[in-house]
Every structure is written in C-alpha cells, then in structure tokens.
Protein chains: 2
Amino acid sequence: MNGRFPIAIHIMTLLCYAKEQLSSDYIAGSLNINPVQVRKALKELIDQGLVLSREGKNGGYQLARSADIITLAEIYRSLKPEALLGISKNTPNPDCPVGRQIKGHLDQLYEQIDLKLERQLSATTLKAFCQQFQ
Amino acid sequence: MNGRFPIAIHIMTLLCYAKEQLSSDYIAGSLNINPVQVRKALKELIDQGLVLSREGKNGGYQLARSADIITLAEIYRSLKPEALLGISKNTPNPDCPVGRQIKGHLDQLYEQIDLKLERQLSATTLKAFCQQFQ
DNA sequence: TATACTGTAATATTTTTTATTACAGTACAA
DNA sequence: TTGTACTGTAATAAAAAATATTACAGTATA
C-alpha cells in the first residue's frame, strides 16, 4: 500500500483534536507535506461524508459529525481500497488448472480478509483513537 | 501492496497441486511472468522454509513439507510484509501534538491489525486452499 | 563434458506515488 | 467593488517502486 491511509488518519485526528475549522495549509504543516496533497486527501474524506469544507476567505475543513460516530473503517473506506494483499498484473495461463482458477479463489480469500479488517476497524471510533493523544 | 503475495500463493498452489518437482520455467509458464521473477519469489519461500530446491540438471522446486502443515500465514510471512495499511514517507511536524505522536499510535493500531490477519491466514492450510482447485 | 537446471547481479523499463505549479472559483470584509 | 484568503482541480514534473530482461556463474546429472 501507499501512504494514503496514514495521511487520512492524521488529518482526521487533527480535525478531531483541534475541534475547530482548519485550513489545508495548517494541516499540511502538521503532516509536513504539500497542501495540494492534503486537499486531495480531504476530497476523499468529503466524498465519504466525513468532512465538511467551506470555500472562500476564512474557509477550511471540519468533521462532518461527532468523532464518536466516525469509525476508522469509514476512513479506510474513503480510500476505496483495492486488494489488501495486492494484485498481480500478470495474466495467468488459462491452460493451467491453477492459472485458470487462481483469480477466483484469491478474490474469495480477499473478500473474507476485507470483511474481517472492516469489522476490526469499525470497532475503533475516531474519538477513541484521538483520545490517546495526550 | 504489490503482486508478491498473489504470486507466492500461485507458486505454492502449483507445487501443491502438481505433487512433483517443478522448474522455474514451468512455474513461470503458469503465472505468465519471467522465470527470474519466479526464482526470486521462490527464494523468499525457501528462506521461509516452505520450499526446497535442487540445483543442477533435473533440478527444480518442491514443497518442503506436507501441504496440510503449511498455512497461508507462513506464505504471507515469507514476504516480510511491512505495514498492511501503508506507511507515509513524510516526517510529521514534531511541534504538533498530533504530528509528534501519530507514528506511535499508528504502529500500535497496525500491530493489532497484523495480529488478526495472521490469525485469520493461519486458519487456512495450503492443502485446504489447493483442494478448491477442481 | 554437454546439458539443464538454480542463483543472482546488473540493468532497463514501466508504473505508481508524490510533489509542485498554476490558476479558476468562492466568500468575506473593508 | 475590490483585495484577500481560502478551496478545488488540472497539468506537469520528479522520485520511487515494481516489474522485466539479460547475462552468466555455479551445480548436478547422464
């Protein structure tokens, strides 16, 4: 995977911690990355219904609802994750019994894994995660 | 993630299915990737103690033990996976309470997730996975 | 001693990720 | 009504990672 999940979690934790509207520049300062990257990440969180934005002067971002009814699973989902354990680019040989069937069985396995992960992430609210911060 | 897990599973399934020694060229033909890539993946599986190789003429690869005492968790471990949900390259701002602590709390979360995943993958043997193949 | 393998280094290519620039659109406030 | 400070997003560049390929040394067999 790439760094999108950690970044999303960082942003959501900040918004929860600050309890006020923050600008992408401010958030970028905490992450130490480019503000455009932050706005891209925020777009996913907005699309997922987790964050609200205000345009214009004095604009910024805030949580769309109380942190105790946001779970880490929702943050994870905002990334529209593909396959947790990876996808190979190759096109297996259809003349081989294993090559022919591997994708289907792997998909099945992945579905089970994803289900469990989502269940686990659902068990932690943003509030609970954020309260760990001093 | 990348395609290493699917490739490793594919290889192990082949070795289990074939019940005989296979060459990297043959395996590459089923995966439809380069034999060198296959040998690299096999090296990880050998290091993990899951596969045996024979050099020289009539050489090749076979399972190091019975498929019913190999679990998908061991195959997963052969990849020495880093963080399932990704690592961000940024160095968060140490002057920000969130930036300062995020890594630690994320690591903790990741450890829990990894534990559960390993537990889940441990529940499936290579034999069971392979028996799904017609 | 020819042959058919594995092991692995070196390199090239492709793909993905991350960073950056630029600017249009929007809302506030003087 | 206009300057200012934001968001939104397209376009592009740069860096990093993944994948593919070539080449060849080493090894076991017949």
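In the text below, chain A, chain B and the rest are named by the order of the sequence lines, each starting its count at 1. Only a predicted model underlies this, so the values are computations on that prediction, with no experimental measurement involved. Basis for what follows: all heavy atoms, side chains included, without hydrogens, waters or symmetry-related copies.
Distance CZ/F129(A) to OG1/T71(A): 13.0 Å, rounded to 0.5 Å.
With sequence neighbours excluded, the residues forming a side-chain hydrogen bond (donor to acceptor under 3.5 Å, both in side chains) with D47(B) are K43(B), listed by chain and number.
Formation of a donor-acceptor pair under 3.5 Å by the R65(A) side chain with backbone atoms of I69(A) is found in this model.
For N34(B), taking side-chain heavy atoms from C-beta onward, the closest of the listed nucleotides dA17(D), dT22(D), dT17(C) is dT22(D).
In summary, the side chains of D25(B) and S23(B) do not present any donor paired with an acceptor at a separation below 3.5 Å, with no hydrogens or angles considered. Side chain to side chain, Y17(B) and Q134(B) meet the donor-acceptor criterion of an N or O pair below 3.5 Å.
For the pair R4(B) CZ and dA17(D) P, the interatomic distance rounds to 13 Å; values are reported in whole Å. Note: CD1 (I33(A)) to C1' (dA15(D)) measures 16 Å, nearest angstrom. For L79(B) and dT19(D), the CG to P distance is 12 Å, given to the nearest whole Å. Rounded to a whole Å, the CG atom of L85(A) is 15 Å from the P atom of dA18(D). Between the CD atom of Q37(A) and the C1' atom of dA13(D) there is a distance of 12 Å, given to the nearest Å. For the pair I87(B) CD1 and dT17(C) C1', the interatomic distance rounds to 14 Å; values are reported in whole Å. Note: CD (Q21(A)) to P (dC28(C)) measures 10 Å, nearest angstrom. For Y26(B) and dA4(C), the OH to C1' distance is 18 Å, given to the nearest whole Å.
Ring geometry for Y110(B) versus F5(A): interplanar angle under 30°, hence parallel rather than tilted (30 to 60°).
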Item to complete: Using a 4.0 Å heavy-atom cut-off, write out nucleotides 2-11 of chain D from 5' to 3' as B (base contacted by protein), S (sugar-phosphate only) or - (no contact).
Response: --BBBBBBBB
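Mapping P35(A) and K89(A) onto DNA chain C via the closest heavy atom, the residue that lands nearer the 5' end is K89(A).
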